Amino acid sequence: MSDVAERVERDKANILIVDDLPDKLLVFETILEGLGQNLVMVRSGSEALAEVLRREFAVILLDVNMPDIDGLETAEYVRQYKKSAHTPIIFITAYADEMQTAKGYSLGAVDYILSPIQPEILRSKVKVFVELFHLQQQTRIMAEERVALERAETARRAAEEANRLKDEFIAMLSHELRNPLAPIRTAMEVIRRTAPADPGLALASNMMERQVAHLVRLVDELLDMARMGRGRITLKKEQLELERVIAHGLEPVRPLIESRRHTLTVSVPPAPVWISGDFVRLGQIITNLVSNAAKFTREGGRIQVDATASRGQAVIVVRDTGVGIEPQVLPRIFELFVQGERSLDRSEGGMGIGLTLARQLAELHQGRIEAYSEGPGKGAVFTVFLPCINAVATAGAAPAVSGAPRLRDRRVLVVDDNADAAESTAMLLRLAGHETRVITEAAEVISAAAEFMPHVVVLDIGLPRINGYELARQLRQQADNAEVVLIALTGYGQKQDRERAAEAGFDYYFVKPFDPGEFEAAIGAGPKNSGKLSSNGTRASS
């Protein structure tokens with residue numbers, strides 16, 4: 001039996017019995033009680049009408065001859081109520097002439113039963129209407145459930161579509177924010193290298209550098225949350241030494257700590273502790289937790305990072321002397337966009353993304369993060385638990401791009417439809433001793449490359465009309481460009497974007513705004529892969 005049928009079976013049907021004689025009511029009760037339904041017995045038409053208003057009936061047994069309001073008149077009133085307009089009515093009468101029968105049927109009577117009553121006949125007829133009522137109830141419940149299911153499915157699809165549009169908007173917003181940040185950061189590096197030594201200028205330059213870095217981090221957090229929501233964050237796992245991960249995670253947040261004059265102490269085990277994970281993402285956990293501590297600790301406070309290992313777990317504790325966490329906020333502190341009390345000028349904190357992202361990254365590494373605070377003004381403690389591994393350092397890791405020998409006097413073709421971005425990049429490269437040419441129109445790239453014969457081509461991906469992927473393929477199809485270093489420069493940094501760039505023949509991939517040192521190292525490092533071009537224009541490893 002289905003859940004709906006069981007539910008209907010449990011709910012007894014109401015049967016209304018109307019007769020002014022108590023003895024007859026007792027007879028009806030004796031005959032029908034074996035059906036196991038709810039018998040409602042009343043002695044007048046007015047009482048019957050009151051009961052019809054209160055509840056729904058499977059069938060009404062109605063005596064025709066009653067004082068006050070007779071059965072036919074009662075039936076007429078019953079039919080006027082919406083709830084009982086179609087309720088089956090069986091008239092009980094000692095006699096019935098043709099006129100009375102015709103009127104009864106015109107009022108919606110389904111049958112006449114003459115007294116004296118035959119118990120089996122009455123029981124059988126009532127049972128049919130009870131079963132019909134249960135079937136109608138079952139159909140109605142199934143219809144309601146189907147409607148509810150369809151509404152839930154519609155709501156689910158709407159929510160998924162809203163999430164998809166939100167993620168696409170966040171990704172596009174991140175891209176659009178990165179485009180103006182790229183020339184700003186590059187121009188600041190040019191100013192830093194060319195401006196005369198002046199303490200005030202250096203102070204202003206450092207200040208701008210910190211704020212640009214903060215903006216870049218906010219953009220990255222937005223994009224990471226969009227990726228996390230779509231399950232598109234993948235980990236590049238390797239064996240890592242815990243101390244190195246912590247040092248990497250602290251590096252981006254040190255300027256903030258110094259600007260707020262915090263005292264930072266770091267304690268790690270004397271013996272190496274090895275964990276398995278993504279170096280960048282694990283460092284991001286430390287960065288987010290320590291950045292959170294720095295933002296919510298007033299100037300001159302203390303931040304302590306302690307790492308220990310025992311029983312197969314690495315434990316990292318970030319403790320601060322900051323504003324603490326309110327008791328009502330603590331259980332929800334890792335939820336997206338949740339923050340404690342904020343000042344009106346929003347002088348502390350970010351967007352409420354960092355802790356959520358840190359927790360989800362820890363969970364991707366089969367770990368967890370716990371938060372604790374004794375309350376407002378008493379600081380906060382965040383504890384990260386990660387699984388340890390017993391391993392030795394792997395030998396001979398490939399050198400990073402930054403360690404490659406730097407070549408000067410390269411001819412570099414810079415292609416970007418954003419003139420400021422292109423020119424600021426070219427200025428930086430000229431300061432490094434390279435010869436540059438700037439192209440802002442995609443249609444001019446092939447002819448410019450044939451004339452300029454560059455060693456390196458820096459291509460923006462998001463070009464109008466012809467995108468950077470297609471231009472890279474066209475360049476690779478020409479024999480003169482077989483050994484040209486192709487560098488992708490874009491506001492998009494997702495895995496599929498990098499894969500498309502590799503397929504198109506790019507050697508290096510940089511997300512705006514790029515790190516000037518790493519970018520210059522790639523310029524001078526030469527082709528990342530050597531070998532013949534495959535049929536689709538990509539490089540095949542030798």
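Note that the coordinates shown come from a computational prediction; the quantities given were computed from them, not determined experimentally.
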* **Side chain proximity check, Glu370 to Phe385, heavy atoms < 4.5 angstrom** => yes
* Any chance CD of Glu238 has more than 12 other-residue heavy atoms, nucleotides or ligands included, within less than 6.0 Å? -> yes
* **Euclidean distance, Thr186 OG1 relative to Lys512 NZ, rounded to 0.5 Å** => 9.5 Å
* To do: Determine yes or no for a side-chain-to-main-chain donor-acceptor pair under 3.5 angstrom, with His248 supplying the side chain and Gln284 the backbone.
  => no
* Structure fact -> Heavy atoms of Ile369 and Ala362 approach each other most closely as CG1-CB, 3.8 Å
* Between Ser310 and Cys388, is any pair of side-chain heavy atoms under 4.5 Å apart? -> no
* Asked: So do the side chains of Val457 and Ile487 get within less than 4.5 Å of each other, counting heavy atoms only?
  -> no
* Asked: When the ring planes of Phe510 and Phe514 are compared, do they come out parallel, tilted or perpendicular, using 30° and 60° as the limits?
  -> perpendicular
* Structure fact -> The residue among Leu355, Asn288, Val290 that forms side-chain contact (heavy atoms from CB on, under 4.5 Å) with Phe382 is Leu355
* Inspect the contact between Arg185 and Glu189 and indicate whether a charged nitrogen and a carboxylate oxygen are less than 4.0 angstrom apart. => no
* Distance from Arg193 atom CZ to Leu431 atom CG, nearest 0.5 Å? -> 6.5 Å
* To do: Examine distances only and state if a side-chain atom of His434 and a backbone atom of Arg410 form a donor-acceptor pair shorter than 3.5 Å.
  => yes
* Asked: Just by distance, do the side chain of Thr297 and the backbone of Ala294 share a donor-acceptor pair under 3.5 Å?
  -> no
* Asked: Any donor-acceptor pair under 3.5 Å linking the side chain of Gln304 with the backbone of Arg302?
  -> no
* Asked: Does the distance from a Lys or Arg side-chain N to an Asp or Glu carboxylate O, for Glu153 and Arg151, drop under 4.0 Å?
  -> no
* Verify, without hydrogens or angle tests, whether Asp507 (side chain) and Leu486 (backbone) share a donor-acceptor contact under 3.5 angstrom. => yes
* To do: Would you please test Arg260 and Glu299 for salt bridge (charged side-chain N to carboxylate O under 4.0 Å, His left out) and show each step?
  => CA-CA 5 Å; Arg260 295 179 71 86; Glu299 290 193 5; 5.5 Å; no
* **Heavy-atom pair with the smallest gap, counting every atom of Asp417 and Gly462** => OD1-O, 3.9 Å
* Asked: Run the side chain to side chain contact (heavy atoms under 4.5 Å, CB included) check on Thr383 and Val315 step by step: do they pass?
  -> CA-CA 7 Å; Thr383 306; Val315 182; 3.6 Å; yes
* Should Phe296 and Asp320 count as side-chain neighbours, where that means a heavy-atom distance under 4.5 Å? -> no
* Arg156 atom CZ: more than 12 heavy-atom contacts under 6.0 Å -> yes
Listing, residues 439-455 side-chain donor-acceptor contacts under 3.5 Å, not counting sequence neighbours, or none:
from, atom 1, to, atom 2, distance (Å)
Glu441, OE1, Arg465, NH2, 3.1
Ser447, OG, Glu444, O, 3.1
His455, ND1, Arg411, N, 2.9

* Walk me through it: do Tyr509 and Asp497 pass the test side chain to side chain contact (heavy atoms under 4.5 Å, CB included)? => CA-CA 9 Å; Tyr509 192 98; Asp497 300 319; 3.2 Å; yes
* To do: In sequence, state the C-alpha distance, the side-chain angles, and the governing distance for Glu243 and Val273, and then conclude on side chain to side chain contact (heavy atoms under 4.5 Å, CB included).
  => CA-CA 8 Å; Glu243 184 176 4; Val273 175; over 6 Å; no
* Heavy-atom closest contact (Val438 atom, Ala422 atom, distance) -> CG1-CB, 3.6 Å
* **His365 (side chain) donor-acceptor with Leu361 (main chain) under 3.5 angstrom** => yes
* What is the distance from atom CG of Leu489 to atom OG1 of Thr425, rounded to the nearest 0.5 Å? -> 6.0 Å
* Asked: Below 4.5 Å, heavy atoms only, C-beta onward: do Val317 and Val305 meet side chain to side chain?
  -> no
* With no hydrogens and no angle check, is any side-chain donor or acceptor of Thr356 less than 3.5 Å from a backbone partner on Glu335? -> yes
* **Closest heavy-atom pair and its distance - Ser424, Ala187** => CB-N, 4.2 Å
* Answer yes or no: is there a side-chain heavy-atom contact under 4.5 Å between Leu459 and Phe506? => yes
* Is there a donor-acceptor pair under 3.5 Å between the side chain of Asp460 and the backbone N or O of Asp416? -> no
* To do: May I ask you to decide if Gly505's main-chain N or O and Arg476's side chain share a donor-acceptor pair within less than 3.5 Å?
  => yes
* **Value rounded to 0.5 Å, distance of CD1 in Ile191 from CE in Met427** => 8.0 Å
* Kindly indicate, with the supporting measurements, whether the criterion side chain to side chain contact (heavy atoms under 4.5 Å, CB included) is fulfilled by Leu242 and Val268. => CA-CA 8 Å; Leu242 182 60; Val268 296; over 6 Å; no
* Flag the pair Ile285 / Val384 as yes when at least one side-chain heavy-atom distance between them is below 4.5 Å, and no otherwise. => yes
* Please round to the nearest 0.5 Å and tell me the distance separating atom OG1 of Thr287 and atom CZ of Arg254. => 11.0 Å
* **Whether Thr436 side chain and Arg430 backbone form a donor-acceptor pair below 3.5 Å** => no
* To do: Just jot down the salt bridge (Lys or Arg N to Asp or Glu O under 4.0 Å) partners of Arg146, sequence neighbours excluded, or say none.
  => none
* Working for salt bridge (charged side-chain N to carboxylate O under 4.0 Å, His left out), residues Arg157 and Glu161 -> CA-CA 6 Å; Arg157 288 196 298 267; Glu161 178 64 10; over 6 Å; no
* To do: Kindly give the heavy-atom pair with the smallest separation between Ala371 and Ile333, and that separation in Å.
  => CB-CG2, 3.9 Å
* To do: Going by the side-chain contact (heavy atoms from CB on, under 4.5 Å) test, name the single residue among Leu413, Val412, Val414 that passes it with Arg437.
  => Leu413
* Gap separating the CD atom of Glu241 from the CD1 atom of Ile246, nearest 0.5 angstrom -> 8.5 Å
* Looking at Ser373 and Ile325, what are the two nearest heavy atoms and their distance? -> OG-N, 3.1 Å
